[in-house]
Amino acid sequence: MLRLAGVSGADPDGIPWVNRLVDAVVAEVGLGHGVALPVFDALAREGMTDVTLLAQKAAAGSVRFAVPSGRAATAARKAARQSVGAGIRRIDRRRVERDRLVKRFGDPKQRPWIYLIVATGDIYEDIPQAQAAARAGADVIAVIRSTGQSLLDYVPEGATREGFAGTYATQENFRLMRAALDQSSKELGRYVRLTNYASGLCMPEMAALAGLERLDMMLNDSMYGILFRDINPIRTFVDQRFSRQVHARAGIIINTGEDNYLTTADAVDEAHTVTVSQLLNEYFAHEAGLADAQLGLGHAFEINPEVPESFRLELAHALLARELFPDAPLKWMPPTKHMTGDVFRGNLLDGFFNLVGTMTGQGILLVGMMTEAVVTPWLSDRDIALQNVRYVLNAAGGLHEDFVPAPGGFIQQRANRVLSEAVDLLERIGDQSLLTAIAEGTFGIMKRPADRGKGLAGVAAHEDGYFNPATEILEAPGVRGMSERVPQSRPEEVQP
Amino acid sequence: MLRLAGVSGADPDGIPWVNRLVDAVVAEVGLGHGVALPVFDALAREGMTDVTLLAQKAAAGSVRFAVPSGRAATAARKAARQSVGAGIRRIDRRRVERDRLVKRFGDPKQRPWIYLIVATGDIYEDIPQAQAAARAGADVIAVIRSTGQSLLDYVPEGATREGFAGTYATQENFRLMRAALDQSSKELGRYVRLTNYASGLCMPEMAALAGLERLDMMLNDSMYGILFRDINPIRTFVDQRFSRQVHARAGIIINTGEDNYLTTADAVDEAHTVTVSQLLNEYFAHEAGLADAQLGLGHAFEINPEVPESFRLELAHALLARELFPDAPLKWMPPTKHMTGDVFRGNLLDGFFNLVGTMTGQGILLVGMMTEAVVTPWLSDRDIALQNVRYVLNAAGGLHEDFVPAPGGFIQQRANRVLSEAVDLLERIGDQSLLTAIAEGTFGIMKRPADRGKGLAGVAAHEDGYFNPATEILEAPGVRGMSERVPQSRPEEVQP
Amino acid sequence: MTAEQAGADAGKKVVRPYGDTTGDGMVQVSFTLPVPHDKRAEGAAVQLANRMGIDPAMLVHAKPIGDGFTFFVVYGRVNHLVDLAAVQVVERDFPLLSAKEVNALVKQRLRRKLSVVGACIGTDAHTVGIDAILNVKGIAGEKGLEYYRELKVTNLGAQVSVPELVEAARVEKADAVLVSQVVTQRDAHLHNTREMSAAFREAMPAGKRPLLIVGGPRFDEAMTDELGVDRIFGRGTTPGEVASYLVHALVTDRKAK
Amino acid sequence: MTAEQAGADAGKKVVRPYGDTTGDGMVQVSFTLPVPHDKRAEGAAVQLANRMGIDPAMLVHAKPIGDGFTFFVVYGRVNHLVDLAAVQVVERDFPLLSAKEVNALVKQRLRRKLSVVGACIGTDAHTVGIDAILNVKGIAGEKGLEYYRELKVTNLGAQVSVPELVEAARVEKADAVLVSQVVTQRDAHLHNTREMSAAFREAMPAGKRPLLIVGGPRFDEAMTDELGVDRIFGRGTTPGEVASYLVHALVTDRKAK
Ligand code: B12
Ligand code: B12
Ligand SMILES: Cc1ncc(COP(=O)(O)O)c(C=O)c1O
Ligand SMILES: Cc1ncc(COP(=O)(O)O)c(C=O)c1O
């Protein structure tokens, strides 16, 4: 919220002013009323307009905070709405800008869109690699962030050249990469999309920064943080809601993380948990105002290739998702768990993954790398992988016409079975509660109780008079309507 | 023929006694009456029984030959029949032996049979590589012979450790490899088949040796020698007939060479020439007494992978062959022409080739190698290639159930078009003659006139009284019937 | 079996890579050079192959990537010999025990439960490997250490900081600390392991320090000294091997530590 | 452009392989060793990688093949530098001419047709390459030499013996002999080329000998002296290049021969 109000920069230790400000507020008045009222009240009292300056003063200990009431509260609310509203208008402008650029440069010619990751750990190596990937055919570039970032309770500042298996997600890195890809889009006559993560302890902030820097997609799952980062479940559900409201407003497509379950659980036995999670993600997304066209629901090609008829099982699962969510741009994830150091076999598996992708009409295809079990992708891995995708889409792009699962046959039976297991599980969850199911290890065989996990300290119940101008604006009637109207981000459908 | 009569061994220069004998006969009486009459006449006159000894004497210049007549001719004919008949009985025994071993060890569990080449250029390296391949899943081992052999007018002798891109086909090499594979068959509980070439100037001799050493398949095409080795067309048609009669008797499956056309001609434009050649090969094979189950008619995955929908075009071609020859164990050949030094891409293409093989029910699958454009296969190439085949057959072996070419769609249209082009071409050939069509470069865009080519000297018109005991026996009524009765080499169908 | 015996068993000491003929020395190499594709780039690729000892080098594939890079595939004969006698391997120098034997030995000789603390440290969140070793479920048909009655297992999970780990080891009176590291980019696994072993050295006197074990798919098992740990386990480790080693190092052959 | 210029153009002289970061030196290698799969075999694979200059070497895949062989995949950082300035390349040192220019130059300066004899020699029967250069059809959108009005082309086809070739060259008064060699197993292409050039040296005095050109996908273009030929053409040669070279060597710059 404060990001939308324009707070930026960091202290000499790299802790952003946003965080210093929130810390100061929480120390004095707690979190129960939200930070907007105390902050804008203090701003008025100090006679200031720049919230970043206020944060600096607060960090120095020279500002007092209180929860205002009466006229002071009304004034603070007004100022907050204005300030945050300006941020949201910036997001709106970036969305219009995206629509304009898509109109000018065009969308990819084919489905699925080709989605590629860069993960050098240095934004200045990432940029040329992303541009090379775009030139070689990538439609979407995902910049992987450093391993530790999801557990940082702040967003680092500036351009970064470090990190393991990826560099940090920062506003400046977003800006640099988006600018580079705008250049590539122009060169290639095709709008190249950019992706990062709205995930981890800073989910909402990431969403805001993504909107402000015109990212196009964000990894954003309702349960990933709980299961794979051991973040407190309640905090996660709250944060994902806000972040999705921002994404809805920004016209950003979310990518959910069901693929991750199959890296720890068995892809055949637990196939139905993917379906259940997709349904949950869909529900929470709709609830936060996202349109179907913004739902990059995830699923993955993770069946052990030694399993007889594994390819047909994959087809069954992929088709099931396709039929359950006909209007969602499903995100089809490549094999990872059963990839080994045998890179020749790896490239082959990726080819069959690509084939399922085109045979079942997936929306977004995350390109698999032959070195999956070895290193984060090399420049050449990406090139080989794209060549693989191109071959398959070009050579067999129309094969779905001739692919008719035999009525009552293996594929249909399998899809039915997964669906009925999913329904059973949903009924069981309905009897208990989702939080209980998560606590019991239903998803990805990870057990996560609601009263544990990282970031628990940041969870507080709303007190009377809680006020968050951002949610207020994002939930205002009409806005929801808008995102419903942008299923394919088609330029003519954009609101003025 | 003389091979069947038991002539073996070679002179100190490595020229087999068979050849020395024929040369001596031809020098004195020409080829028009066949060699049987002069040889067995001389044998009687010299009071000898061992034809090899006669050959040695003839080479030393101490035997005179004549075309006998009257009683001498009758006696010579009888002796020749007896002697050659003994050879043919040896072939019959090897066939019974094969049937017994197949019964004991079993046939491969899956279709297509997995066919692998070894080509080290040294029989003693070939053997362990073949055994390793069998252990890794190969059902058929083809031992590639040296580049020059097809133009040798004799079959070298003994075990050989030299040659380029393969070592020589010799009777001893056949024996050594068959023995090694019998051992592997026992170890694996699956009869491993052995293949070589009845092709080139020594086509008939190779066929005889294959029968004698219980080879199981032979490359044998009615036109390959003409087109790709510039061997005289008439000689080739005569030789292929005799060699096929021997194959029919020996229960050997022939492999025809249509795949080769597509290495010089375009696989899309000239697809119909493959169909035409298959029909010709089928016709000549039936005519020589081969049963449908012995017809490994060839075709190949050779469309430029850059061609849009290339994979579906391959499916169309493969299905067409499958439907035209429902009872033949079609031999499906891998990509070669469009393979490059990019071995990662190569392995991928081979995977899609394997997929077509299983989706269209091919009978024999020649395993493609990722190093096709680089080297003759390495041990590891073969292992990687087999792993590729295993993955595809295991993961997608039942996919044909769900593969239903859309009625009137791309695949059906393509198959129809190729078929109608094939019919047109056959009509054109019918109007002229096959020899003219070949002379004009119809197949593999190679022009081969009937009065040119290698081995022309060995072509002679039959004179009155021409006698070949082998053809006589092989064409005797009942024999044809026998081969008709062995479609799957099932043991219970073998003649006593 | 020791390395020497193994060498003797094979009956030969010096080998070369094998393409399709004994002694042919053939290998395959691929790499990218940061130069645009032209003849000079191809020459540079051959030069590199030559320096690697490949001669003759067949450049069989060259493909431009982006503007300034070219990817190459090279085949050829490498001139190096492999001296099997000189191979240094961390062979298993302890007997492989069944769960029953492990329990019996701990019970008889140690007379208390053996305490094991496990974690993924640093920012690494790949728990599948350490879970395979520790959790009852195990891997490859073998149960994990939790299944052993006489072992007390504390699995701290992922993204554990080094101070947290040291503290937990102290609280649990750990006999052994098991650390997993899967992310290797920029040698993350090496940095984290060194940081961990240094912290234990600092926090506890030599005699009191738990046995330090790291594992992960990309470790070189011979680097124990360099990393300051007692043992390294690599790809495909099974729980049984780890349990057997624990008994060997902490119970039957304490000096091994 | 000469090699030196090219080096200068790139603005840098020394590079390393590139995995995902400038200077990381990363390469991929695969090979088979004739040893059964065990730890010692893995150690041997790492040893070989180290000798090739890869350090650290990550052994990422090991798979037994048959009884006594193991296949390995290794990734790692190679320590060699690639010195672009030292790259020796056979750069095109003649102008690329159009068919029209070729014809014009032959007609004006030679004043007769230039006679070319082509063949696949030895037991090699791969004619697609030489046909691509000689036949009208050509390759890659360029017509072959038969299309050039002022060239007289005799294509002997496949599996031509060296004596047949020498004889044909004499009969056709060949200005140039073009030989293709595609099969390279056991260096067949090198043997055959040497045999061919020796035969021409023997059969004809230096001044009368036709220009000797070989081509094929696996030749090293720098080996002309070793093989006794005037020029070698490799992968992806086009007819235009060959025609231009013929004019250069036989018409415009006779001393080049
Ligand atoms: C599963 C997986 C995940 C899961 C992890 C789930 C979980 N709870 O563990 C999820 C989806 C969350 C994930 C996320 C990421 N991953 Co990940 N992941 C994998 C994957 C597919 C499999 C790893 C695995 O589980 N192997 C199976 C286990 C059983 O094997 P193992 O770990 O080798 O363990 C065995 C031995 O090594 C040994 N062992 C291991 N540890 C220990 C410890 C001891 C004490 C002992 C004795 C033995 C031992 O015994 C085990 C049993 O035999 C690999 C790719 C691959 N196919 O290998 C990538 C991979 C490991 N991931 C990678 C990356 C980069 C990431 C991310 C950073 C990507 C990102 N930025 O989003 C994230 C963040 C993770 C983080 N913060 O660390 C990279 C690492 C690259 C590198 N070499 O540096 C890999 C190689 C993929 C790639 N090529 O990019 N990942
Ligand atoms: C087509 C082909 C065949 C066809 C040949 C038809 C024909 N009429 O040529 C057939 C099917 C007959 C065949 C048979 C065999 N083949 Co073959 N074949 C191939 C294949 C698939 C393509 C070769 C080709 O046509 N390339 C396209 C042309 C245009 O490229 P190119 O030859 O490189 O030519 C270019 C340049 O090199 C240069 N050039 C070439 N020659 C010359 C000459 C001059 C003067 C100049 C200036 C330039 C020049 O210009 C050309 C145009 O750019 C390759 C595999 C592959 N994908 O490369 C295997 C391959 C060449 N064959 C191979 C083998 C072993 C055989 C056999 C021996 C196998 C067997 N035992 O059955 C047989 C026998 C052949 C024999 N006696 O030589 C091996 C050679 C292995 C090696 N490195 O030693 C290969 C690499 C396949 C393999 N991996 O095993 N083959
Ligand atoms: C939804 C989601 N968020 C985040 C991540 C990445 O992990 P981290 O948040 O730890 O960087 C993933 C990984 O695939 C994911 O699917
Ligand atoms: C029918 C046939 N014969 C023979 C060969 C092999 O060539 P050669 O006879 O020259 O050894 C092939 C090659 O594939 C073939 O298809």
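Here the structure is a predicted model, which is why all the values come from computation and not from measurement. A note on names: the letters A, B, ... follow the listed sequences, proteins ahead of strands, and every chain is numbered from 1.
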Taking every non-hydrogen pair under 4.5 Å, which of D/L81, D/D220, D/T22 racks up the most with chain C? D/L81

With a 4.5 angstrom heavy-atom cut-off, is it the side chain or the backbone of C/V78 that approaches chain D, or both, or neither? side chain

Among residues 121-133 of chain D, which ones touch chain C with a heavy-atom distance under 4.5 Å? none

With a strict 4.5 Å heavy-atom criterion, list every residue of residues 191-201 of chain C that contacts chain D, or say none. none

Applying a strict 4.5 Å limit to non-hydrogen atoms, the region of C/F219 in contact with chain D is neither

Quick one: what part of D/A45 sits under 4.5 Å from any heavy atom of chain C, side chain, backbone, both or neither? neither

Checking C/V35, C/V46, C/L33 against D/V82 for side chain to side chain contact (heavy atoms under 4.5 Å, CB included), the one that qualifies is C/L33

Taking only heavy atoms into account, what residues of residues 50-66 of chain C are found under 4.5 Å from chain D? C/R51, C/M52, C/I54, C/M58, C/L59, C/V60, C/H61, C/A62

What I'd like to find out is whether the side chain of D/T32 reaches to under 4.5 Å of the side chain of C/P17, using heavy atoms alone. no

Sort and list the pairs that fulfil ring pair (Phe, Tyr, Trp, His ring centres under 6.0 Å) and have at least one residue in residues 74-98 of chain D, not counting sequence neighbours. A/W378-D/Y75, D/F94-D/Y245, D/F94-D/H248

More than 12 foreign heavy atoms under 6.0 Å from NZ of D/K143: is that the case here? no

Atom pair CD (D/E91) and CZ (C/R40), whose distance is rounded to the nearest 0.5 Å: 8.5 Å

For residues D/Q47 and C/Q88, determine if any side-chain heavy atom of one lies less than 4.5 Å from a side-chain heavy atom of the other. no

In short, C/L84 meets D/A44 closest at the heavy-atom pair CD2-CB, 3.6 Å

CZ/C/R235 to CD/D/E42 distance, rounded to the nearest 0.5 angstrom? 5.0 Å

Name the member of D/S30, D/G43, D/G234 that forms the most heavy-atom pairs with chain C at distances under 4.5 Å. D/S30

Looking at CG of C/D24 and CD of D/Q185, how far apart are the two atoms once the value is rounded to the nearest 0.5 Å? 9.5 Å

Checked C/V74, C/T21, C/V73, C/D83 vs chain D; the most non-hydrogen pairs under 4.5 Å come from C/D83

